[in-house]
**Q** 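Please read through the structure below; I'll follow up with questions.
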Amino acid sequence: MDSLAGLAWLRHEAEVYTHKVHEKMAGDQSHSVRGDRALNAGDEDKLGFREVAKRISTSLVDRASEDGLVIGIEGAWGSGKSSLLFLIGDELRKHPRDQEPTVINFRPWLIGNRDALITSLFGELAKQLDQVALNAGDATRISVAKAKEAGEALRKFMNGLGKAGSAIEVAGDASGFAPAKWIGKGLKAIGEAVGKRSASPQLSSLKDKLAKSLRELGHRFIITIDDVDRLEPNEVIEILRLVRSVVDLPNVIYLLCYDSDILTHSIEKAADVKNGKSYLEKIVQLTVMVPRPEPLQLRQWFSDELHLIASTKGEDELARLKVVIDYEGGRQLRTPRSVVRALDAVRFFWPPLRDEKADLADLVWLQFIKNGNTALYRWIEDYCATAAMVSLGAARVEKAEKELQIAALMATVADGHFKDLMYRHYFAEQLPGVEPDYSEAGNGFNIFEPVNDRERDEAIRNVRLASLDHHRLYFALAGPSHALTHDNYTSMWAAAAAGADEAGAALLRLQDERAMGSLNKADLLLERTMRGAYEILKPEQCENLLVALSQVMDEAYRRHPFDQSWLSPMWDRAERLIPLLLPRLEPARRAAVITTMFRSGAAIGWLTSLFRHETFAHGRYGNKQRPEDQWLFTNAELDHITELMLVRYRALSASDVLNCPNPVSLLFAWQQGGDEQGPRDFIKTNVISDEGLVETLEHLTSTITSSDRGKFVVLKKDNLSPFVDYESVRQRINALTEHSDLGARARRLCAAFDLGTEY
């Protein structure tokens, strides 16, 4: 192999290796701890900041003053200021070459010597002016002469600053400039020298010449300064003086990122002024507020990312996880940073806990609290340890100690934190021996109450936080584009007034409009309706909307499939409307709507999920009957629904059953509704032939998401045994692995059987 061929081969191998590394990094990204960093190239804009950045960049180029400008990008810590700043810079680079400004990212907190601030900034500005001169040509409207003239004026002004009262050493190189070393009295004297013409006429003249050169150059410089609020108070003042007095120049725009509350406090401390806000307003001409994400956005972002990291072991754990994200997540997920921190906590702690078969809902709940309220987290840690000792009989907690513990709990939270009775209920459910106290004179909770044997054993078996054997595991590691428009609402309510068919079609149209992440506009509409918008609907609109849901929910799934077993898919949101819309109907209309829904609704999969929900909620199957106020339907209504659904199930063809969104759930609903033999006979008939067996089992698989293996399908014994002889069908599939036509499919099913024993 000659040298050129060898080099080509090495280059090819390097490219292949790099491509593989990038692929692996992309695949591992959802499982890697992100840390508190802003968006970078290639990151997904989860909150719709891109559109905001695009508009800001347009204004910076087209509408900002040529006299120079200081713009504040304001937002609380963790609100996404740095990410918005990155996106603004990214959008600025997309402008045509003759309009694209030069962006200088100045980071003063990286400069150890405060007196070096001005040298660093002027040095970068001079460097960029040289680059502008190099880039000038036919493709731009900038002349080389004007660019060089501006660069020379800048260097003369820098020399003038040195002579004005601080030592600046400038050693010329081929371009006439080398980095300057600043030593001396600080920026205050500089600002005074530049700001007062009478004090230094020569310096003022040099600045005027620099300003004239920059104005004639007609090229815009945008200097971004992030995290101004993280500087020491005296450094904050020096930066503001630098921006306002020294480098207040034409076509130079500053973007300062800060939390105004923190920054004004630093100003008041360092400048000894009473009103830091007024001081700041004299320097910052206008402000841009970082958009506040909606709570639903943040919860859905968390849910979407969590789905890539972990999965639950069953329906009960999933149901509790939904509640945790809705209630505790609704309180703790306030900013983008809070979402990232919570996800990072799960990424870090879940792998070892997963190996211990721990409870994902408990982990997420605890991490929400730890990130949002460390004192409450520590109280929970202490309480769980003491409760375990009490359960073992190794400790005893008297009434006075209970009162002290309740007082300590209330001291960790703000007044009214547990005022929401539903939140109080769910908080108590997480901990052993904690019961909500709803009495007016009560303390909010009763603690260290006896735990019955069934609850204790269930907590141990499921490796729950409430388990006396396992609780230590959880502590030892220890106007965006997505918004609904007024037209979306009015068209949807008009369709609901026109009829069920029109309402269903309108809902499907909204589902086709993506909002953010996995959310679409139909998700948002159902969420808004659930949160109070339903109160404006007339009875006929409620009736038509209910019937529409029974018609289109399966079609909605087929158009845009979602994981039915995961957090708050569209089906869940539709289900939550049932107890809100039905009570708005007169009894006769209510009964007619229920009959129409369950007798002829095309969405047999969604109707099945409602049917199963109620079968369990009423205690007709299982041992966890819920209070009546949590039922969707009355006992009499459920009797009627059961009759209707059993008639429908018995009339379904094999294709109807196997091609519904969740055949396994349908078979269980059929059985749990009172017909034990019906689904068994159906499966028995369908698996007589080898082709029928393979096809049936392919439709009875379940999808599992694993952080280390990705998505894969399994055949679970618990899902098959109620309807078929599990060992018999498994043996038949093994025998088919060498079949000429069915062999490949049979081998995939064998793998699904094997995985089903692991997950």
Side-chain angles (χ1 to χ4, degrees), residues 27 307 311-315 554-555 557-566 569 602-606 608-609 612 646 648-673 675-759:
H307 199 182
S311 59
T312 57
K313 297 186 292 293
E315 293 184 3
D554 284 12
E555 175 63 18
Y557 169 81
R558 292 187 181 97
R559 286 189 178 199
H560 302 282
F562 47 78
D563 189 338
Q564 299 167 51
S565 66
W566 196 238
I604 189 69
W606 181 68
T608 291
S609 73
R612 288 195 73 194
L646 290 180
R648 291 193 69 177
Y649 291 150
R650 291 165 185 151
L652 292 174
S653 68
S655 176
D656 291 334
V657 172
L658 297 181
N659 291 307
C660 83
N662 192 338
V664 171
S665 181
L666 187 149
L667 292 172
F668 273 112
W670 188 350
Q671 181 191 74
Q672 293 159 0
D675 187 353
E676 285 279 346
Q677 194 59 33
R680 292 187 64 87
D681 290 342
F682 167 82
I683 295 293
K684 182 179 180 180
T685 301
N686 216 49
V687 301
I688 291 174
S689 69
D690 291 339
E691 173 69 32
L693 173 64
V694 170
E695 181 184 18
T696 299
L697 291 179
E698 285 174 337
H699 284 86
L700 298 183
T701 57
S702 303
T703 301
I704 298 290
T705 300
S706 169
S707 60
D708 53 353
R709 302 181 68 165
K711 282 190 175 183
F712 52 91
V713 296
V714 301
L715 279 167
K716 294 184 177 181
K717 185 175 182 179
D718 290 346
N719 286 348
L720 298 179
S721 294
F723 313 113
V724 296
D725 184 324
Y726 176 82
E727 294 300 335
S728 174
V729 297
R730 187 166 184 179
Q731 289 172 11
R732 285 180 62 188
I733 290 297
N734 283 333
L736 290 172
T737 54
E738 301 303 322
H739 192 281
S740 58
D741 296 326
L742 301 175
R745 295 164 68 185
R747 287 191 290 276
R748 286 193 290 271
L749 289 173
C750 282
F753 271 117
D754 292 340
L755 288 169
T757 62
E758 298 179 32
Y759 292 87

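The model shown is predicted, which means the values in this text are computed figures rather than measured ones.
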**Q** What I'd like to find out is whether the side chain of V657 reaches to under 4.5 Å of the side chain of L666, using heavy atoms alone.
**A**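 Of all side-chain heavy-atom pairs linking L666 with V657, at least one is under 4.5 Å.
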**Q** Are the side chains of F753 and K717 in contact, using a 4.5 Å heavy-atom criterion?
**A** no
**Q** Check G605 against P661 and note the closest heavy-atom contact, atom names and distance.
**A**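 That closest heavy-atom pairing would be CA-CD, 4.1 Å.
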**Q** Do I733 and L697 come close enough that some side-chain heavy atom pair is under 4.5 Å?
**A**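 Yes, at least one pair of side-chain atoms sits under 4.5 Å.
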**Q** Output the distance between atom OG (S655) and atom CD (E695), rounded to the nearest 0.5 Å.
**A**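 Output value for this atom pair is 8.0 Å.
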**Q** So that I know where these two stand, are Y649 and F682 an aromatic pair - ring centroids less than 6.0 Å apart?
**A** no
**Q** Would you say the side-chain atoms of T701 pair up with the backbone N or O of E698, donor to acceptor, closer than 3.5 Å?
**A** yes
**Q** Check whether D656 reaches the backbone of S653 with its side chain - one donor and one acceptor, N or O, closer than 3.5 Å.
**A** yes
**Q** Measuring from atom CG of L700 to atom CG of L720, what distance do you get when rounded to the nearest 0.5 angstrom?
**A**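 Answer rounded to 0.5 Å: 6.0 Å.
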**Q** Are the side chain of D554 and the backbone N or O of W606 linked by a donor-acceptor pair below 3.5 Å?
**A**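 Side chain of D554 to backbone of W606, a donor-acceptor pair under 3.5 Å: yes, one is there.
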**Q** Could you walk me through whether I704 and L755 pass the side-chain contact (heavy atoms from CB on, under 4.5 Å) test, one step at a time?
**A** CA-CA 10 Å; I704 298 290; L755 288 169; over 6 Å; no
**Q** As an exercise, state the distance from CG of N659 to CD1 of I604, rounded to the nearest 0.5 Å.
**A**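 Answer rounded to 0.5 Å: 13.5 Å.
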**Q** CD of Q677: more than 12 outside heavy atoms within 6.0 angstrom?
**A**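 More than 12 within 6.0 Å, yes.
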**Q** Show the numbers, then the answer: is there a salt bridge (charged side-chain N to carboxylate O under 4.0 Å, His left out) between R612 and E315?
**A** CA-CA 12 Å; R612 288 195 73 194; E315 293 184 3; 3.7 Å; yes
**Q** Could you give the distance from NE2 (H699) to CG (L667), rounded to the nearest 0.5 Å?
**A** 12.0 Å
**Q** Step by step, would you call R730 with D754 a side-chain contact (heavy atoms from CB on, under 4.5 Å)?
**A** CA-CA 10 Å; R730 187 166 184 179; D754 292 340; 2.6 Å; yes
**Q** Quick one: are T737 and C750 in side-chain contact, heavy atoms under 4.5 Å?
**A**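 A side-chain contact under 4.5 Å exists here.
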**Q** Work out which heavy atom in V729 is nearest to a heavy atom in Y726; give both atom names and the distance.
**A** CG2-O, 3.2 Å
**Q** Under a 3.5 Å distance rule, please check whether S728 uses its side chain to pair with a backbone N or O of D725 as donor and acceptor.
**A**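 Here the side-chain-to-backbone pair does not exist.
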**Q** Strictly below 4.0 Å, N to O, side chains only: are R680 and E676 in salt-bridge contact?
**A**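 Not counted as a salt bridge, because no side-chain N and carboxylate O are separated by less than 4.0 Å.
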**Q** Quick one about W670 and D675 (side-chain donor to acceptor, distance below 3.5 Å, no hydrogens or angles considered), yes or no?
**A**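 Present: a donor and an acceptor within the cut-off.
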**Q** Thinking salt bridges, do E691 and R745 make one under a 4.0 Å N-O criterion?
**A** yes
**Q** Do the non-hydrogen side-chain atoms of S702 and N719 ever get within less than 4.5 Å of each other?
**A** yes
**Q** Does any non-hydrogen side-chain atom of L658 lie less than 4.5 Å from one of T696?
**A**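 T696 reaches L658 side chain to side chain.
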**Q** To the nearest 0.5 Å, tell me how far L715 CG sits from R748 CZ.
**A** 12.5 Å
**Q** Heavy atoms only: give me the nearest C660-R558 pair and the separation to one decimal.
**A** CA-NH2, 4.1 Å
**Q** Taking only Lys NZ, Arg NE, NH1 and NH2, and the carboxylate oxygens of Asp or Glu, determine whether E727 and R732 approach each other closer than 4.0 Å.
**A**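 Looking at E727 and R732, the cut-off is not met.
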